[in-house]
Amino acid sequence: MHAMLNIAIRAARNAGKVVTQAYEQLDKVEATTKGTNDYVTNVDKAAEKSIIDTIKNAFPDHSFIAEESGLTKGTDDEYQWVIDPLDGTTNFIKGIPHFAISIALRVRGKTEHGVVYDPLRNELFAASRGKGAQLNGYRLRVTKAKDLEGTLIGTGFPFKRKHYMDSYLAMFGAIFAECGDMRRAGSAALDLAYVAAGRLDGFFELNLKPWDIAAGELIAREAGAIVTDFSGNTDFYQSGNVVCANPKVLKHMLSTIRPHLTDAIKA
Ligand code: IPD
Ligand code: CA
Ligand code: CA
């Protein structure tokens, strides 16, 4: 295994300990709002610090873009770690056992390694570019579905931006009419990892941030998925609008979503 992936795994497991210990005493967790329906806790911050400390210890020159502390420029900004210390904070605060730590390494703008770690289930999803994706060491592969019939599609609701509700509900309705069933589980990083694992046949959400996407996108891609924006292009870091599925399901999802794109949700 690549030394940098190894460090990402170590950092994710260390943060996992911080998060699971805090989850056992949820009444002690301090939550504050940082935006509309958007929460941060002392645990998000402690987990993020633990991840950055672990990585800095091994690679003191690298740069970081992390959800809670933003950009930390190192002397070497060709190596940038993209970190979500706790993806699924709302689930965490409410005691719903579904959240993850997401860590990716981008080298000169290309994601090379990614880890999504579910600390309660001890499920570690990992990938290195060109080397496939694994769950706890076992190779992952997306499902073989050919169209939307009978599929299970994951999504996320635009709870921070409810002005997108009409367009989103139109897309949701169109997909729901065609697929088997849908899930809104509350962690975009795990949604992408679940597409990689064949637990979901596809996933779509709008307005995600780079730290929600970076690791899960590589893991899904290395398991055979394609990840695009709502127009089928690869600019999803710009818009945050993401569609992910095997190539055939993706084609059906895009053509189902397309009629409902508005000016506000162009790509
Ligand atoms: C959120 C989760 C959620 C998604 C939101 C994200 P956070 O991340 O991934 O599933 O719907 O858009 O912001 O805030 O829990 O790290
Ligand atoms: Ca997140
Ligand atoms: Ca987060």
Side-chain angles (χ1 to χ4, degrees), residues 11-12 15-16 18-20 22-23 26 29-52 64-70 81-104 114-120 125 153-165 167-169 171-172 175 182-196 199-200 202-220 227 229-230 236-237 239-244 265:
V18 173
V19 172
T20 45
Y23 191 68
L26 266 186
V29 170
E30 297 152 28
T32 49
T33 36
K34 57 178 179 179
T36 315
N37 300 319
D38 196 4
Y39 301 95
V40 60
T41 72
N42 56 316
V43 181
D44 298 62
K45 289 178 186 161
E48 184 165 301
K49 186 178 179 313
S50 147
I51 294 166
I52 294 178
F64 298 87
I65 174 149
E67 179 172 13
E68 311 307 341
S69 54
W81 294 84
V82 185
I83 299 162
D84 191 336
L86 179 49
D87 187 58
T89 296
T90 303
N91 281 350
F92 175 82
I93 293 171
K94 295 286 185 187
I96 297 171
H98 187 80
F99 42 77
I101 289 124
S102 172
I103 303 174
V115 173
V116 172
Y117 180 49
D118 173 343
L120 293 179
F125 302 85
I153 305 295
T155 188
F157 303 141
F159 64 99
K160 292 175 205 161
R161 293 178 184 80
K162 292 201 179 169
H163 51 281
Y164 290 147
M165 185 154 38
S167 322
Y168 173 75
L169 288 178
M171 292 176 188
F172 180 95
I175 298 270
M182 294 181 74
R183 292 288 180 273
R184 193 296 187 247
S187 161
L190 284 176
D191 290 332
L192 290 163
Y194 279 22
V195 174
R199 294 174 180 177
L200 292 172
F203 165 70
F204 76 102
E205 182 162 351
L206 51 90
N207 253 204
L208 289 167
K209 299 288 185 196
W211 44 80
D212 301 316
I213 311 167
E217 183 247 336
L218 180 68
I219 293 165
V227 184
D229 63 20
F230 288 177
F236 50 85
Y237 280 109
S239 58
N241 300 342
V242 169
V243 190
C244 170
I265 310 172

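Just so you know, these numbers use all the heavy atoms, side chains as well, and skip hydrogens, waters and symmetry mates. In each ligand, atom 1 is the first atom listed, and ligand 1 is the first ligand listed.
The part of F159 lying near ligand 1 is the side chain, judged by heavy-atom distances below 4.0 Å. If you look at S187 next to ligand 1, the close heavy atoms, those under 4.0 Å, all belong to the backbone. For E68, no heavy-atom contact with ligand 1 is shorter than 4.0 Å. In K160, the part holding a heavy atom less than 4.0 Å from any atom of ligand 1 is the side chain. Of the heavy atoms in L208, only side-chain atoms (C-beta onward) come closer than 4.0 Å to ligand 1. Residue-level proximity to ligand 1 for L86 is carried by the backbone, the only part with a heavy atom below 4.0 angstrom. Contact annotation: for T89 versus ligand 1, heavy atoms closer than 4.0 Å belong to both the backbone and the side chain.
Heavy atoms of R184 approach ligand 1 to within less than 4.0 angstrom.
You'll find the side chain of Y39 stays beyond 4.5 Å of the side chain of F92, heavy atoms only. Residues T155 and F204 form a side-chain contact, since some pair of their non-hydrogen atoms from C-beta on lies under 4.5 Å apart. In this structure, the side chains of L192 and I219 stay at 4.5 Å or more apart for every pair of heavy atoms.
In this structure, atom 12 (O) of ligand 1 lies nearest to the protein heavy atom E205 OE2, 2.9 Å. Nearest protein heavy-atom neighbour of atom 9 (O) of ligand 1: D87 OD1, 2.7 Å.
Inclusion of A189 in the set of residues having an N or O under 3.5 Å from an N or O of ligand 1 is not warranted. Between G186 and ligand 1, an N or O atom pair is found at a separation short of 3.5 Å.
Minimum-distance N/O/S atom of D87 relative to the Ca ion (ligand 2): OD1. Nearest to the Ca ion (ligand 2), among the N, O or S atoms that D84 has, is OD2.
The nearest N, O or S atom of E67 is not closer to the Ca ion (ligand 2) than 3.0 Å. Residue D212: no N/O/S atom is found under 3.0 Å from the Ca ion (ligand 3). V40 lies apart from the Ca ion (ligand 3) in this respect, since none of its N, O or S atoms is found at a distance under 3.0 Å.
Considering CD1 of I153 and CG of D191, their distance stands at 11.0 Å, rounded to 0.5 Å.
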